[in-house]
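One structure is given below, encoded as structure tokens.
Predicted model only: the values in this text are computed from it and were never measured. Residue numbers begin at 1 in each chain, while the letters A, B, ... track the order of the sequences.
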Protein chains: 2
Amino acid sequence: MSNNANLTSCQPLLDYFGKLIPLKREEKELVEAKFHPLTFAKKQFALQQGKICDHFDFVVKGCLRLFKVDEKGDYHVFQFATENYWILDLTSFHKRIPSTLNIEALEDTLVLRITHRDLLDLYIKAPKFDRIFRVLLENHFMQQQERIGQLFSSTAEERYLSFLEQYPHLFNRIPNTQIASYLGITPEFLSKIRKNLQSKG
Amino acid sequence: MSNNANLTSCQPLLDYFGKLIPLKREEKELVEAKFHPLTFAKKQFALQQGKICDHFDFVVKGCLRLFKVDEKGDYHVFQFATENYWILDLTSFHKRIPSTLNIEALEDTLVLRITHRDLLDLYIKAPKFDRIFRVLLENHFMQQQERIGQLFSSTAEERYLSFLEQYPHLFNRIPNTQIASYLGITPEFLSKIRKNLQSKG
DNA sequence: CTATACCCTTAAACTAGGTTAAGAAATCAG
DNA sequence: CTGATTTCTTAACCTAGTTTAAGGGTATAG
């Protein structure tokens with residue numbers, strides 16, 4: 001019965017993997033054995049800075065944010081993760097060092113989680129996952145590079161517009177303070193931008 | 001004889017891979033078959049925007065820069081690659097779409113290059129390279145994330161100091177205009193920063 | 001050896017975005 | 001339903017970094 005429950009709960013992840021590379025029965029069973037569901041209430045932390053990030057999370061439902069608190073106490077959002085996104089502090093996860101980042105639920109959230117040890121074991125038992133996680137990482141990398149490009153050469157207004165385009169499902173789901181923090185500006189300035197845009201059309 | 005020449009020329013790359021995961025004889029031979037040496041004179045382009053990036057380059061000697069030219073005509077350096085670094089436009093390479101970036105030699109440079117087709121073939125013939133390139137990508141990703149964090153919360157002076165720390169071998173090897181372009185500031189402002197630092201000590 | 005291109009610096013005027021403060025609106029826990 | 005917390009907006013003032021312009025320094029190709 002618990003086996004059956006897992007079968008059900010891992011389905012979104014199996015679908016996700018299956019779209020990248022078709023999985024064999026044994027590989028599906030491995031996924032079911034290694035990933036475990038976990039829920040977070042809104043405002044609950046999935047990772048606190050100072051702790052080692054021992055988990056690689058796939059979001060089934062809800063929304064998490066990965067963010068840094070700098071020396072001045074300001075918050076900076078690296079990434080939001082909604083349905084079918086991955087979230088973790090990769091640096092802490094791989095180097096096994098205390099994290100400088102936090103992960104917090106912006107909504108009640110359900111994730112499928114694999115631990116560091118289990119992921120290594122998964123790579124050994126089914127090398128196909130080396131490839132799957134390579135592809136997954138490539139996608140994350142491309143997104144990050146796009147972001148660096150924008151931080152370099154776009155104004156805050158342009159970045160806001162492109163955020164709205166890229167994450168239309170997010171903008172009425174999370175507060176503007178969070179969006180500002182993702183764009184690298186203050187909420188006050190975002191407010192000014194929004195007013196400007198409104199007067200334009 | 002040409003075989004022998006390749007054996008010699010691939011040695012830095014074999015060393016690099018060997019440090020990540022030991023390679024078997026067949027795997028070494030595959031590397032020698034798939035990677036080919038290529039030289040660029042200073043100022044020569046290894047990639048021009050608009051073309052598809054069909055190559056993944058390992059720098060044996062010299063220095064390349066990966067940069068973007070924005071709408072205003074300003075240049076922004078994503079990455080420098082010196083000895084033992086990788087350089088390519090990953091987005092163009094994987095999505096097979098025209099690149100928005102350029103790669104240019106800042107010094108006379110020797111790379112070992114693998115094409116897209118040969119890399120896919122390498123993954124198939126030796127799945128160990130799925131793992132190697134996963135690890136390699138993880139490292140790049142971590143560096144990029146660090147960079148985003150800095151662009152968010154550090155002043156230009158702080159970023160300059162941390163550049164000097166992180167790339168001590170680069171700062172007297174490339175012009176300050178390039179460093180400014182990497183830091184996301186104008187050469188004039190970098191000059192001001194350097195003057196300030198000098199008066200401090 | 002020389003001319004040309006590139007590189008570095010200075011300084012004055014300017015602008016994108018930050019800071020501070022304060023009130024209004026929305027959301028939420030009890 | 002109600003008080004409390006969070007969120008959004010406005011506005012006046014401030015600052016890090018840009019722009020423009022100009023002069024001097026330094027490689028480098030021919």
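Between the side chains of A:R113 and A:H55, a donor-acceptor pair is found at a separation under 3.5 Å. A donor-acceptor pair shorter than 3.5 Å can be found between the side chains of A:K68 and B:S153.
For the pair A:I179 CD1 and D:dT7 C1', the interatomic distance rounds to 12 Å; values are reported in whole Å. The interatomic distance linking B:Q178 (CD) with C:dC6 (P) rounds to 12 Å, in whole Å. Atom CG in B:N172 sits about 16 Å away from atom P in D:dT26, given to the nearest Å. Between B:I185 atom CD1 and C:dC8 atom P there is a gap of 13 Å when expressed in whole angstrom units. Distance A:I193 CD1 to D:dC8 C1': 14 Å, rounded to the nearest Å. Note: CG (B:L106) to P (D:dA27) measures 16 Å, nearest angstrom. Between the CG atom of A:L190 and the P atom of D:dT9 there is a distance of 8 Å, rounded to whole Å. Between the NZ atom of B:K42 and the P atom of D:dA27 there is a distance of 10 Å, rounded to whole Å.
Side-chain nitrogen and oxygen atoms of B:K192 include none within less than 4.0 Å of the OP1 or OP2 phosphate oxygen of C:dC8. Regarding contacts with the backbone of C:dT19, a side-chain N or O of A:K72 is found under 4.0 angstrom from either OP1 or OP2. Phosphate proximity of D:dT7 to A:N176: absent, as no side-chain N or O sits under 4.0 Å from OP1 or OP2. Contact check, B:R194 against C:dC8: no side-chain N or O comes under 4.0 Å of OP1 or OP2. Proximity of A:K43 to the phosphate of C:dC28: no side-chain N or O atom is located under 4.0 Å from OP1 or OP2. Considering only side-chain N and O atoms, B:K195 lies under 4.0 angstrom from the phosphate OP1 or OP2 of C:dA11. OP1 or OP2 of C:dG17 has not a single side-chain nitrogen or oxygen of A:T186 nearer than 4.0 Å.
At distances below 3.5 Å, at least one donor-acceptor pair connects side-chain atoms of A:D108 with backbone N or O atoms of A:K42. Not a single donor-acceptor pair under 3.5 Å links the side chain of B:D89 to the backbone N or O of B:C53.
Counting non-hydrogen atoms under 4.0 angstrom, A:S191 reaches a base of the nucleic acid.
Checked against the 6.0 Å centroid threshold, A:F93 and A:H116 count as a close aromatic pair. For B:Y75 and B:F67, the ring centers are positioned less than 6.0 Å apart. With ring centers used as reference points, B:F80 lies 6.0 Å or more from B:Y85.
Within residues 145-159 of chain A, no residue has any heavy atom under 4.0 Å from DNA chain D.
Candidate nucleotides D:dT18, C:dA21, D:dA21 were compared by shortest atom distance to the side chain of A:E188, and C:dA21 ranks first.
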